[in-house]
Protein chains: 2
Amino acid sequence: MGLTKTEIFTEEQNRLATMLKALAHPARIAILQQIIKANACICGQLVDELGLAQATISQHLKELKNAGIIQGTIEGVTVCYCIEPKAWKLLQKDLSIFFKSFDVKNCC
Amino acid sequence: MGLTKTEIFTEEQNRLATMLKALAHPARIAILQQIIKANACICGQLVDELGLAQATISQHLKELKNAGIIQGTIEGVTVCYCIEPKAWKLLQKDLSIFFKSFDVKNCC
DNA sequence: TAAATCAATCGTAAAATTGCAATATTGTAA
DNA sequence: TTACAATATTGCAATTTTACGATTGATTTA
């Protein structure tokens, strides 16, 4: 089917899954690492840095933008991308809570 | 293409993306939450708890197991699933480092 | 205005994901 | 051994994802 049954899950479960999916690709991890490293946001250098076509990078950027993780500002011919701090912090917190909810107890 | 170009990324980027992908589905988030909540691991109740077919749940469990996030122990006719603490802690740490690598500085 | 540059979008192909019915497998109990 | 229960696996259809060439759109510069 390829169609996730979102109706049967909670808001929270769907939201977390959506955000994780946005991160769940090595190219998008690499893009985020580059943006973070360069701090002063990057744009098309990503195409040079990573070994992917311009159209592909643009598509990954779009996904990250749709998820609200990054934001792009047009600067002349260029587009400058950077982390959206609010979304970043929120996801960081949600994941922290999720991972902390398990405290090691031997079961099986 | 649908084929991720893993060759052009680092071990680390691929590993993190793979783990995140394993989590990036509401059903799998829900399964993990259930396992954590029940602590004493669960097996087929998941089929009752969540509104998905047995085959579907089994498949999601397999993906989580393949990623090393959970482990299953056969207990008679039943299979008891629980969190794999080592993998859990490792992912928790990797994500923590990843998220901390960005410290808020206004850019664009 | 024309040329050049950067990035987004479109169209397309290949592959992966999601979901389930049907079936197979495994272990328990009669 | 046979029947039954719990899971896993198989096979399939619909959908989504990944990737890229080609094109379009926007902006700067000559």
Side-chain angles (χ1 to χ4, degrees), chain A residues 1-9 13-14 17-31 34-35 38 41-67 70-82 108, chain B residues 1-9 13-14 17-31 34-35 38 41-67 70-82 108:
Chain A
M1 290 195 136
L3 214 182
T4 300
K5 283 190 157 184
T6 45
E7 333 85 58
I8 65 173
F9 304 107
Q13 288 162 347
N14 283 317
T18 300
M19 293 306 278
L20 288 173
K21 196 148 96 177
L23 298 183
H25 192 286
R28 293 195 288 274
I29 296 285
I31 287 173
Q34 267 298 324
I35 291 181
C41 340
I42 332 174
C43 41
Q45 298 107 290
L46 291 164
V47 178
D48 302 323
E49 304 273 3
L50 316 178
L52 290 169
Q54 185 264 317
T56 309
I57 297 287
S58 201
Q59 209 173 273
H60 283 303
L61 285 168
K62 191 182 177 183
E63 273 177 79
L64 289 169
K65 214 166 54 179
N66 284 345
I70 62 172
Q71 111 195 81
T73 313
I74 300 168
E75 289 188 348
V77 206
T78 268
V79 178
C80 174
Y81 284 100
C82 60
C108 47
Chain B
M1 289 193 140
L3 212 183
T4 299
K5 284 189 156 182
T6 46
E7 332 85 60
I8 66 172
F9 304 107
Q13 287 162 346
N14 284 317
T18 300
M19 295 304 280
L20 289 173
K21 196 148 96 177
L23 299 183
H25 191 286
R28 294 195 288 274
I29 296 284
I31 287 173
Q34 267 297 326
I35 291 182
C41 339
I42 332 176
C43 38
Q45 298 106 290
L46 290 165
V47 178
D48 303 323
E49 304 273 3
L50 315 179
L52 290 170
Q54 184 265 318
T56 309
I57 297 287
S58 199
Q59 208 174 275
H60 282 304
L61 285 168
K62 191 180 177 185
E63 272 177 79
L64 289 169
K65 214 165 54 177
N66 284 345
I70 63 172
Q71 110 195 81
T73 314
I74 299 167
E75 288 188 349
V77 205
T78 269
V79 178
C80 174
Y81 284 101
C82 60
C108 49

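Convention: sequence-line order gives letters A, B, ...; per-chain numbering from 1.
Of all the heavy atoms in A:T4 and A:E7, the pair that sits closest is O-OE2, 4.2 Å. Looking at every heavy atom in both residues, B:H25 comes nearest to A:A17 through C-CB, 3.6 Å.
Backbone-only contact: B:A53 has heavy atoms under 4.0 Å from sugar-phosphate atoms and none from a base. Across all strands, A:L52 comes closer than 4.0 Å only to sugar-phosphate atoms, never to a base (heavy-atom distances). In this structure, A:T78 reaches the sugar-phosphate backbone alone: every heavy-atom distance under 4.0 Å involves primed, P, OP1 or OP2 atoms, never a base. Backbone-only engagement by B:T4 is indicated by non-hydrogen atom pairs under 4.0 Å involving sugar-phosphate atoms exclusively. When heavy atoms are screened at a 4.0 angstrom cut-off, B:E63 is found touching the sugar-phosphate backbone but no base atom.
Computed from coordinates, the A:L50 CG to D:dC20 P distance equals 11 Å when rounded to whole Å. Protein atom CD1 of A:I57 is 9 Å distant from nucleotide atom P of D:dC20, rounded to whole Å. Taking atom CD of residue A:Q59 and atom P of nucleotide D:dT16, one finds them 14 Å apart after rounding to whole Å.
Rounding to the nearest 0.5 Å gives a distance of 9.0 Å between CD1 of B:I29 and CG of B:L64. Atom CE in B:M19 sits 11.5 Å away from atom CG in A:L20 (nearest 0.5 Å). Between atom CD1 of residue A:I8 and atom CG of residue A:N14 there is a gap of 9.0 Å, rounded to the nearest 0.5 Å.
Toward the 5′ end of DNA chain D lies the nearest nucleotide of B:K62, the other residue of the pair B:K62 and A:G76 mapping further downstream. Nearest-nucleotide assignment on DNA chain C puts the 5′-proximal partner with A:L61, out of A:L3 and A:L61. Taking the nucleotide of DNA chain C with the nearest heavy atom to each of A:V77 and A:S58, the more 5' of the two is matched to A:V77. Between A:A55 and B:A55, the one whose closest nucleotide on DNA chain D sits nearer the 5' end is B:A55.
When the shell of 6.0 Å around CD1 of A:I74 is examined, it contains 12 or fewer heavy atoms from other residues, nucleotides or ligands.
At the phosphate of D:dT16, neither OP1 nor OP2 sits under 4.0 Å from any side-chain N or O atom of A:K21.
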Only pairs under 3.5 Å count here: list side-chain donor-acceptor contacts from residues 47-62 of chain A, not counting sequence neighbours, and write none if there are none.
| unit_1 | atom_1 | unit_2 | atom_2 | d |
| --- | --- | --- | --- | --- |
| A:H60 | ND1 | A:R28 | NH1 | 2.9 |

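Taking the 5' to 3' direction, DNA chain C first and last meets chain A under 4.0 angstrom from a heavy atom at C:dT5 to C:dC20.
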